[in-house]
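What follows is a set of notes on a single structure, which appears directly below.
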Amino acid sequence: MRRPSARFRPKDVVDFVVVGSGAAGGIVAKELATAGLSVVVLEQGPRLDPGQFEHDEFKYFFRSGIVNDPKLQPQTFAPTPNEPAKQGAGTLLYARLVGGGSVHFTANYWRFHEIDFVEASRHGRISGTGFADWPITYADLEPYYTKAEWELGVSGVPGPFDAPRSRPYPLPPLPVKSSGVLFERGCRKLGLHSQPTPLAILSQRFHGREPCHHCGFCLAFGCEFGAKSSTLATVIPMAEATGHCEIRPNSYVRGVEIDEKTGRTVGVVYFDDRKVEHLQRARAVVLCANGAETPRLLLMSQSKRFPHGLANSSGLVGKYLMFNGYCETGATFEQPLNEWKSVAASRMIHDFYDTDPARGFYGGGGIDARFIGYPVGFALGGVFGGLPPTDPTWGPEYKRLLRTSYSHSMVAAGHTTSLPLESNAVSLDRELKDAWGLPALRFTYQDHADDLATMRFLQAKALEILEAAGARRAWKAPVQPSTFAVHLLGTCRMGNDPRTSVVDRHHRTHDVPNLFLCDGSSFVTSGRGQPTCTIQALAYRAGEHIAGFARRGEI
Amino acid sequence: MLDDSLGRRAFLAASGTAIASAWLAADPDQLRASLAHARDARAAALPPPWEFLTPEQAADMDAIAAQIIPTDDLPGAREAGVVHFVDHSLATWGQDQRDPFASGLDELNRDAQRRWPGTGRFATLSPARQVELLRAAEKTPFFQMMRFVTVAGTFANPSWGGNHDHIGWRILGFEDRFVWQPPFGAYDASGGAAK
């Protein structure tokens with residue numbers, strides 16, 4: 001049973017409103033609350049208890065179980081800003097509940113490497129892109145990566161290409177799966193360095209929480225055991241336990257209010273669960289609504305002072321949207337793997353993490369060994385992966401292949417860099433409205449040619465690995481132009497120069513001294529995948545600094 | 001895979017589970033028994049009351065599904081009850097698909113009339129003719145809908161109205177037992193990897 005937490009009224013001027021209770025919002029709220037500040041967290045989604053999480057693939061993948069529902073919050077998409085955006089042609093997907101993406105995600109947990117923060121100056125600018133350095137380095141963030149791993153609970157061992165770390169992982173890796181054993185076998189033959197995947201999933205009991213029970217409903221599902229280290233299972237209860245943090249679910253923020261005279265925020269306006277509007281007053285606001293909704297909220301918060309959207313003097317709010325590239329290679333083996341048990345991925349390589357100019361394109365990434373998917377998705381195939389793309393999709397042979405393949409198959413997936421393009425952006429649709437009458441999210445996205453080249457490069461390597469592992473069959477899933485994403489990055493980037501960034505090195509917006517942003521939108525470069533780890537390190541660092549500013553009267 | 005009893009028993013032993021999974025132990029004979037039962041039931045029973053479908057639509061949908069995921073020596077979409085999944089969805093959460101469903105089915109039957117004037121509805125055609133019609137419709141949105149509902153009706157949780165007796169999951173060799181222990185498959189059981 002949940003302990004009673006603080007309750008504030010909208011007219012109470014709390015120290016902070018945090019918008020979003022996900023990977024970043026949960027941590028920021030906890031850091032602020034434990035520093036003695038009063039916090040209201042407004043979460044658009046519901047609060048679910050672990051006992052309410054279901055093993056229902058159809059509901060969670062096809063009926064928008066815990067994710068944004070395109071019927072209620074439609075989106076429009078076009079590859080470029082010059083074309084008409086069409087409803088349903090693309091999706092920026094995110095988990096919509098207390099805990100956000102940290103409930104839903106695979107829980108792959110990769111720190112950035114040192115190069116990720118300084119790659120533009122090392123590699124050189126790339127014309128036509130916003131390729132730039134971060135205003136912080138790996139060394140600045142390292143203590144917070146460590147804090148995240150030790151407070152939330154992350155299982156792993158340091159890999160051969162990892163950046164330096166001040167502490168080991170708090171928990172040993174999860175047990176290897178058959179996909180991991182085969183992947184390792186193939187890597188060994190090719191001289192590649194397979195390592196366990198770091199996962200924000202408990203391999204042992206930790207701080208009173210149950211370890212993983214290998215139930216198999218992991219990626220895209222909530223963990224009924226609390227073993228996936230979501231903010232819901234960890235920092236949110238900690239925040240509530242301080243006695244002055246309220247998590248307010250079913251509260252859909254529609255705007256950040258500004259005092260026109262002072263140019264400071266005075267709070268946020270939100271719809272409650274009966275669609276009644278309220279203004280929650282606060283001394284300061286932190287937006288942690290994810291890389292799609294944080295810029296959308298700023299663009300919706302126009303005022304006389306900010307006619308192009310709040311905190312948008314740079315014109316960059318919503319721009320430089322990055323996804324990370326993703327590519328799959330599948331394989332079937334003689335004996336059963338049963339990848340539908342346990343976690344999604346247990347082994348990976350970072351041998352191709354760095355850019356190699358000799359390849360002729362910018363980019364790099366990692367390859368992990370993972371499961372082939374859930375039953376309905378596997379049998380549907382297409383964008384869900386499944387059987388090889390040349391196999392029949394219905395009829396007697398299709399049925400025979402389903403029988404003989406599902407438990408015998410695995411995937412080797414490539415995760416890559418994405419370059420920041422100004423034309424890749426989140427904006428407001430001029431016509432379409434959501435179920436609350438707010439402008440629908442519109443996004444444009446086109447993969448840079450180097451992103452596609454990197455995906456194809458890693459995919460070819462993944463195929464080599466699976467063939468070296470002795471696959472009976474191995475195939476590539478076609479690399480398609482990206483129209484769907486769950487990694488929502490770059491749209492309110494950090495930087496020292498207010499002309500070329502939205503927030504400074506402490507996540508304070510350049511334009512509004514008591515407005516902060518911290519989530520995937522803060523990213524300057526995309527990293528090589530698995531952004532949640534870095535989002536959470538940024539959130540711990542942001543929370544600590546913002547609490548310090550508040551206590552010293554510097555907001 | 002369902003015939004690979006040696007492999008299954010090998011890693012059952014290796015995993016040290018004291019309680020043999022009823023599913024693993026019974027299969028495939030139990031699966032064949034449920035198929036026989038389904039055939040007998042179909043022969044004996046009257047059509048059930050439908051929430052939304054007409055009996056003709058139900059028969060056609062059942063026949064379409066049976067061509068997409070056929071019954072061979074193991075049950076298929078028919079025994080999994082795809083037609084019940086479709087009926088329930090059109091009656092409730094899938095209402096916006098009623099028109100595309102009905103008009104798509106009508107067009108399929110009109111195509112049958114064009115090819116073989118005077119024949120009955122899809123469900124009454126020979127299997128070869130059914131396959132010919134579906135192949136001709138393969139690129140249409142209606143066929144994609146049929147494939148989607150057949151797959152969902154076979155492999156989704158039974159609470160959605162299909163996947164009767166977990167037939168779909170048994171075809172795949174999939175089970176949701178909520179808790180598993182390593183080793184999970186043959187390759188981490190035998191040879192295991194160093195950490």
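Sequence lines set the chain letters: A, B, ... in the order given, protein chains first and strands last, and positions in each chain run from 1. None of the values given here were measured: they were computed from a predicted structure.
When the shell of 6.0 Å around CG of Asp96(B) is examined, it contains more than 12 heavy atoms from other residues, nucleotides or ligands. Counting non-hydrogen atoms of neighbouring residues, nucleotides and ligands closer than 6.0 angstrom, the CZ atom of Arg63(A) exceeds 12 such neighbours.
For the pair Phe178(B) and Glu224(A), the tightest heavy-atom approach, listed with the atom from each and the gap, is CD2-OE2, 3.5 Å. The shortest non-hydrogen separation linking Ser407(A) to Gly173(B) is OG-O, 3.4 Å. Here the closest non-hydrogen pair linking Ser178(A) and Ala186(B) is OG-N, 3.7 Å. Summarising the geometry of Pro70(B) relative to Pro396(A), their closest heavy-atom pair is CG-N, 3.5 Å, with the distance given to 0.1 Å. Nearest heavy-atom pair across Leu172(B) and Pro375(A) is CD1-CB, 3.6 Å. In terms of heavy atoms, Asp72(B) sits closest to Lys399(A) at OD1-NZ, 2.8 Å.
Counting heavy-atom pairs closer than 4.5 Å to chain B, the top-ranked of the candidates Ser179(A), Cys212(A), Ser342(A) is Ser342(A). When Lys177(A), Glu57(A), Glu339(A) are compared by the number of non-hydrogen pairs under 4.5 Å with chain B, Lys177(A) comes out ahead. Of the listed residues Phe155(B), Trp180(B), Trp93(B), the one with more heavy-atom pairs under 4.5 angstrom with chain A than any other is Trp180(B).
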Check against side chain to side chain donor-acceptor pair (under 3.5 Å), Trp340(A) and Glu175(B): CA-CA 8 Å; Trp340(A) 41 271; Glu175(B) 198 184 348; over 6 Å; no
Residues Ile69(B), Tyr398(A); criterion side-chain contact (heavy atoms from CB on, under 4.5 Å); working and verdict: CA-CA 7 Å; Ile69(B) 300 180; Tyr398(A) 163 72; 3.8 Å; yes
side-chain contact (heavy atoms from CB on, under 4.5 Å) assessment of Trp160(B) paired with Lys59(A): CA-CA 9 Å; Trp160(B) 291 93; Lys59(A) 177 173 178 177; 3.8 Å; yes
Test log, rule side-chain contact (heavy atoms from CB on, under 4.5 Å), inputs Val179(B) and Phe225(A): CA-CA 10 Å; Val179(B) 172; Phe225(A) 298 99; 4.0 Å; yes
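A salt bridge links Asp73(B) with Arg403(A): the closest approach of a Lys/Arg side-chain nitrogen to an acidic carboxylate oxygen falls below 4.0 angstrom.
Here the two rings, on Tyr187(B) and Phe183(A), have centers that are 6.0 Å apart or farther.
Of the atoms belonging to Phe61(A), not a single heavy atom falls under 4.5 Å from chain B. Interface remark: Thr154(B) contributes no atoms to any contact with chain A (heavy atom separation under 4.5 Å). Neither the backbone nor the side chain of Tyr374(A) comes within less than 4.5 Å of any heavy atom of chain B.
To the nearest 0.5 Å, the span separating CG on Leu74(B) from CG on Leu402(A) amounts to 12.0 Å. Considering CG of Leu380(A) and OG1 of Thr150(B), their distance stands at 10.0 Å, rounded to 0.5 Å. With rounding to the nearest 0.5 Å, the separation of CZ in Arg177(B) from NE2 in His213(A) is 13.5 Å.
Inter-residue side-chain proximity for Ser159(B) and Asp56(A) is flagged as met; some heavy-atom pair is nearer than 4.5 Å.
Side chain of Asn157(B) to backbone of His55(A): a donor-acceptor contact under 3.5 angstrom is found. Without hydrogens or angle criteria, Arg147(B) side chain to Trp394(A) main chain gives no donor-acceptor distance under 3.5 Å.
Partners of Ala200(A) according to the side-chain contact (heavy atoms from CB on, under 4.5 Å) rule, which considers only residues two or more places apart in sequence or in another chain, are Phe105(A), Ala107(A), Tyr109(A), Val154(A), Ser229(A).
Aromatic ring orientation, Phe184(B) versus His214(A): tilted (interplanar angle from 30° to 60°).
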